[in-house]
Amino acid sequence: EIPRAVSLNSIQFNLSRTLGPALAGVVMAQHGALACFGANAFSFVPFFLSVFWIYPTQGFKTNIPEPNAAKPLTAVKEVFYQEGVRSQLLATFITTLFCSPIITFCPVLIKEVFEGQIGEFGHASTAFGLGGFSGAILAFFLARKIKARTPGLFGLLMGATVLAVAQNRSLNLLLIFMMLAGVFLTMANTSANSNLQLKAGNQTRGKSASLFQLAFLGGMALGSLM
């Protein structure tokens with residue numbers, strides 16, 4: 001069930017990323033920025049309540065040892081050098097490193113290349129979000145067919161899409177490419193995360209998930225900076 005659970009997590013992430021800015025625009029237009037930030041702060045209350053609700057009242061009971069709990073670097077090496085784990089982490093890092101600038105430079109493309117305004121940028125952002133949502137649904141239904149090479153394959157497709165965007169001069173085609181980019185990036189990262197969770201044992205599954213987030217967010221931050 002792990003691949004489908006990861007896909008469901010990706011579905012809710014992309015759905016909130018698509019709906020969130022739209023709701024924020026409505027709140028900001030009607031009530032101002034202060035109300036928008038206040039609503040954002042309030043949105044964390046259900047999250048904290050859900051954590052409180054699912055936390056065991058008697059604490060956690062587990063027979064899983066933590067041999068390297070006092071040595072973080074040793075624990076990282078233990079996970080990183082597991083068979084198949086390193087390739088999935090590297091695929092995630094490289095994909096986000098070289099492909100995340102398509103998100104960073106989207107406003108520049110809209111303004112400088114297509115001479116558009118905020119409306120065109122909103123359409124491009126929505127197209128990317130819908131692509132990510134569609135990719136997460138696709139990953140859910142193809143969960144049992146995910147292979148070790150799946151993240152690399154969709155990473156290459158994502159790279160080809162970035163190159164296509166760089167050469168494109170049609171606004172309509174840009175929307176299509178942004179949607180494809182959302183599909184490919186989500187499929188690459190979701191399949192890599194699924195593979196990591198499947199390969200990791202009970203002792204290292206949490207650490208694998210943490211390293212995946214580090215590769216994903218770190219690659220995105222470094223790629224945008226570059």
Side-chain angles (χ1 to χ4, degrees), residues 6 9-25 28 33 36-37 40 76 80 86-136 139 150-171 173-193 196 208-226:
V6 172
N9 179 70
S10 185
I11 288 174
Q12 66 84 20
F13 173 78
N14 284 283
L15 184 62
S16 63
R17 185 170 63 177
T18 303
L19 296 179
L23 293 175
M28 187 174 293
C36 189
F37 280 98
N40 182 51
V76 169
F80 191 72
R86 181 168 47 187
S87 62
Q88 303 298 315
L89 290 174
L90 288 175
T92 300
F93 178 75
I94 292 173
T95 300
T96 54
L97 178 69
F98 290 106
C99 297
S100 60
I102 194 175
I103 307 170
T104 307
F105 283 100
C106 187
V108 181
L109 283 173
I110 294 297
K111 182 178 180 180
E112 301 294 338
V113 178
F114 300 103
E115 299 180 350
Q117 300 297 326
I118 188 65
E120 288 77 11
F121 173 64
H123 294 155
S125 299
T126 301
F128 184 83
L130 289 175
F133 182 65
S134 302
T150 302
L153 171 63
F154 281 100
L156 289 174
L157 291 173
M158 178 67 188
T161 305
V162 173
L163 294 177
V165 168
Q167 300 297 321
N168 173 55
R169 294 298 179 268
S170 168
L171 185 59
L173 280 178
L174 177 68
L175 298 181
I176 296 176
F177 287 144
M178 291 298 293
M179 180 173 289
L180 289 175
V183 172
F184 296 150
L185 187 61
T186 300
M187 282 295 299
N189 291 326
T190 301
S191 57
N193 194 6
L196 279 175
S208 298
S210 299
L211 287 177
F212 170 80
Q213 290 295 329
L214 179 62
F216 174 72
L217 297 175
M220 184 169 291
L222 290 176
S224 298
L225 179 62
M226 290 170 55

Next on the checklist: Between Phe93 and Leu222, does the side chain to side chain contact (heavy atoms under 4.5 Å, CB included) criterion hold? Intermediate values first, please.
Outcome noted: CA-CA 10 Å; Phe93 178 75; Leu222 290 176; 4.0 Å; yes
Which distance, rounded to the nearest 0.5 Å, do you find between the [atom1] of [X] and the [atom2] of [Y]?
X	Y	atom1	atom2	answer
Leu173	Leu180	CG	CG	10.5 Å
Ser210	Leu196	OG	CG	11.0 Å
Ser125	Phe128	OG	CZ	9.5 Å
Leu97	Met226	CG	CE	5.0 Å
Phe177	Thr161	CZ	OG1	7.5 Å
Phe216	Leu185	CZ	CG	6.0 Å

[X] to [Y] - nearest heavy-atom pair and separation:
X	Y	answer
Thr186	Gly182	OG1-O, 2.8 Å
Gly219	Thr96	CA-OG1, 3.4 Å
Met158	Ala181	SD-O, 3.3 Å
Ala127	Leu175	CB-O, 3.5 Å
Thr95	Ala188	CG2-CB, 4.4 Å
Pro151	Gln88	CG-OE1, 3.1 Å

Next on the checklist: Before you tell me yes or no, could you show the steps for Ser191 and Thr150 under side chain to side chain donor-acceptor pair (under 3.5 Å), namely the whole-Å CA-CA distance, both residues' side-chain angles and the distance that decides it to 0.1 Å?
Outcome noted: CA-CA 7 Å; Ser191 57; Thr150 302; 5.4 Å; no
Checklist entry - Does Phe114 CZ have over 12 foreign heavy atoms under 6.0 Å away? => result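 More than 12 heavy atoms, drawn from other residues, nucleotides or ligands, come within 6.0 Å of this atom.
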Is there a donor-acceptor pair closer than 3.5 Å between any side-chain N or O of [X] and the backbone N or O of [Y]?
X	Y	result
Thr190	Met187	no
Glu120	Gln117	yes
Asn193	Asn189	no
Gln167	Ala164	no

Checklist entry - With side chains defined as the heavy atoms from C-beta onward, is the minimum distance between Met178 and Cys106 less than 4.5 Å? => result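 Met178 reaches Cys106 side chain to side chain.
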Item to check | Note, Leu171 side chain near Ile110 side chain (heavy atom, < 4.5 Å) | outcome: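 Yes, close enough: below the 4.5 Å cut-off.
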Item to check | CA sep, side-chain torsions, deciding dist, call: Leu89, Thr92, side chain to side chain contact (heavy atoms under 4.5 Å, CB included) | outcome: CA-CA 5 Å; Leu89 290 174; Thr92 300; 5.8 Å; no
